[in-house]
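Only one structure is covered here, and it is reproduced in the block below.
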Amino acid sequence: MQKYVIQGGKPLTGSVTISGAKNAAVAIIPAALLADGVCRIENVPQISDVTLILRILQELGARVKLVNRHTVEIDSRHILSFCVPDELSRKMRASYYLIGALLGRFGRAVVSMPGGCDLGTRPIDLHLKSFQALGAKVSVEGGYVHATAPEGRLHGAGIYMDQASVGATMNAMLAAVRAHGTTTIENAAKEPHIVDLANFLNTMGADIAGAGTDVIRVRGVRALHGGTYSIIPDQIEAGTYLAAVAAAGGDVFIRNVIPKHLDCITAKLEEMGVQVEEYGDAVRVIRRGPLRRTNIKTMPYPGFPTDMQPQIAACLCLANGTSVINEGIWENRYRYVAEFRRLGAHIQVDGKIAVIEGVDRLTGAPLRACDLRAGAAMVIAGLAAEGMTEISCIHYIERGYENLVEKLQGIGADIRLVDTQDEDSQRAGQAG
Ligand code: UD1
């Protein structure tokens, strides 16, 4: 067991480099199942969700070679199975991409219902409806999704998303890319990782147009070949470091980013009195004066991302005045509130709304991470709080942040990764 120990209240300075996007990687890696050749994928983040999805591919019979820390080669020509067992699938939400990828490749998939962070009800009805629209027979039995294309291959169709779902849009693309005929996805989600998945598939020989708009057209192709592709930088990881500087103060260059993807976050930070300068593939974030209050409503891209809501809330705890957050995507995204209160934050929650009354200071306390982004927000709050904050259950945070401790140390944060067993045995030794 490990935890983070943070001595807060120190401004951050220097530069930090952002890794490849988690939510793109966990879709692009399963997408390699669709190719009849070796896919070389670069800028892959070293996080536990990626380790897990690569393990699932290996279990299915794919050859996975780690070329270096951030490059992986996947050869899916000798896949043995279209069945993903429960013990692997339930550990992550993105395992649902295996349904679309296996269905697109083999016309068959048996995948255990996905797991992932507890953000409230996380249905996959839109995913299943998309597969059905493409001609698949779909049922859920014994906790597994069974999907079969009756004649071995799906056929193109019109798909209308009742709600702009990121996962369902990407899954529909995966299933449709090798289908017979053309598929049109309307009211598609527009997140940067949707464009990234489309670019990856097109590099491998797919014919996808319109990704990044709300209508995506996929002309089915017989086969995909191998190739080389580099994943985009992680918008949310970059946003998390922006929020860390906003909360703790300081002056930091955030490198390897696409500044346009950060507009929805930087606009809010600027409203809060934070200075953000854009460079080609970097942003510089400076916060010296006090933080000002603001209101936030989370929405699909290009709106303010729900995956940045807890981190911005950490900043707003220290802003002048009262801020209101309206969580528009997930029903259970305020589980960090009880932990923030331990630091002295003033927050009231009523359903989707959180009202944050800014305080002059937070003071360190032991906290427990409860999901990935809530955990990141606790780190930010800990960096801004006076005194020592300890954060346990950090496995949630490691699902999505590469080398968080080293990267924060690199910009002057006093944060350490501590083995709790070592501490326990030290205490036992002292007691003996
Ligand atoms: C992805 C991200 C997650 C992020 C979310 C919204 C991954 C692995 N995860 O999750 O970090 O918070 O986008 O940006 O990329 N919905 C349905 N039926 C469905 C699917 C979704 O009703 O079949 C609803 C959900 O309950 C939610 C909304 O649609 O209210 C958006 O969900 P969706 O965009 O699908 O999120 P995920 O793809 O699961």
Side-chain angles (χ1 to χ4, degrees), residues 1-6 8 22-23 26 47-49 91-94 114-122 166 234-244 246-248 265 268 296-298 304-319 323-356 362 364-385 389-402 404-405 407-408 413 415 417:
M1 295 280 277
Q2 293 183 310
K3 65 181 177 186
Y4 297 150
V5 178
I6 302 171
K22 163 188 169 284
N23 287 349
V26 295
I47 50 176
S48 63
D49 267 15
K91 288 190 183 143
M92 68 189 300
R93 179 78 182 156
C117 284
D118 177 10
L119 308 176
T121 326
R122 298 187 76 175
V166 175
D234 197 307
Q235 173 206 29
I236 304 299
E237 189 197 11
T240 300
Y241 285 97
L242 281 161
I265 302 164
K268 275 292 154 194
I296 305 265
K297 178 164 171 45
T298 66
F304 188 88
T306 174
D307 286 358
M308 276 301 300
Q309 185 259 98
Q311 300 90 312
I312 288 289
C315 304
L316 293 175
C317 288
L318 287 162
S323 305
V324 178
I325 299 181
N326 185 340
E327 171 54 53
I329 310 288
W330 301 116
E331 65 193 34
N332 195 12
R333 199 137 215 190
Y334 290 124
R335 294 194 311 150
Y336 59 83
V337 165
E339 301 298 300
F340 278 14
R341 286 193 187 126
R342 298 165 70 97
L343 302 172
H346 288 182
I347 312 181
Q348 296 301 326
V349 176
D350 185 3
K352 293 177 160 191
I353 307 291
V355 178
I356 304 180
L362 298 174
L367 305 180
R368 186 181 293 221
C370 52
D371 65 57
L372 168 59
R373 306 303 172 186
M378 288 175 208
V379 172
I380 292 172
L383 291 170
T389 294
E390 294 186 353
I391 303 176
S392 57
C393 296
I394 59 168
H395 58 279
Y396 287 112
I397 305 173
E398 290 174 345
R399 285 188 38 219
Y401 290 91
E402 177 173 335
L404 179 72
V405 168
K407 287 188 187 187
L408 282 171
I415 177 170
L417 182 65

Quiz item: Does a side-chain heavy-atom distance below 4.5 Å link E390 with L367?
Solution: no

Measure from the side-chain N and O atoms of R333 to the backbone N and O of T306, and report whether any donor-acceptor pair falls under 3.5 Å. yes

Value for CD1 (I397) from CD1 (I391), rounded to nearest 0.5 Å, stands at 5.5 Å

Rounding to 0.5 Å, atoms CD1 (I415) and NZ (K407) come to a distance of 13.0 Å

ask   = Does R342 reach the main-chain N or O of P366 with its side chain, forming a donor-acceptor pair under 3.5 Å?
value = yes

Just so I know, are the side chains of Y241 and Q311 near enough to count as touching, which here means a heavy-atom distance under 4.5 Å?
no

Report the relative orientation of the aromatic rings in Y336 and Y334; use parallel for angles under 30°, tilted for 30 to 60°, perpendicular for over 60°.
perpendicular

The reported gap from CD1 in I47 to CG in L404 (rounded to nearest 0.5 angstrom) is 12.0 Å

Donor on one side chain, acceptor on other, S48 and E398, under 3.5 Å
no

Do the charged groups of D234 and K22 touch, with an N to O distance under 4.0 Å?
no

Minimal heavy-atom distance between R335 and C370, with the atoms involved, is NH2-O, 2.8 Å

Taken to the nearest 0.5 Å, the spacing of N326 CG from Q309 CD works out to 9.5 Å

Here the gap from W330 atom CH2 to D307 atom CG, rounded to the nearest 0.5 Å, amounts to 8.5 Å

Checking the side chain of E339 only, and the main-chain atoms of R368 only, is there a donor and an acceptor separated by less than 3.5 Å? yes

Rounded to the nearest 0.5 Å, the CD1 atom of I394 sits from the CG atom of L372 at a distance of 12.5 Å

(Q) For a 4.5 angstrom cut-off between non-hydrogen side-chain atoms, does I356 reach F340? (A) no

G382 and T389 have their tightest heavy-atom pair at CA-OG1, 3.7 Å

### Query
Is the closest side-chain heavy-atom distance between L408 and V379 below 4.5 Å?
yes

inquiry  = Has D371 got a side-chain atom pairing as donor or acceptor with A374's backbone, closer than 3.5 angstrom?
reply    = yes

Problem set entry | Side-chain heavy-atom pair M308, K268 within 4.5 angstrom cut-off | no

Tightest non-hydrogen contact, residues A413 and L383, listed as CB-CD2, 3.6 Å

**Prompt:** Are any non-hydrogen side-chain atoms of I296 and L316 less than 4.5 angstrom apart?
**Reply:** yes

Closest heavy-atom pair, A243 versus C315, reported as atoms and distance to 0.1 Å, is O-SG, 3.3 Å

For A365 and L343 the tightest heavy-atom approach is N-CD2, 3.6 Å

Heavy atoms of K3 and S392 approach each other most closely as CB-CA, 4.1 Å

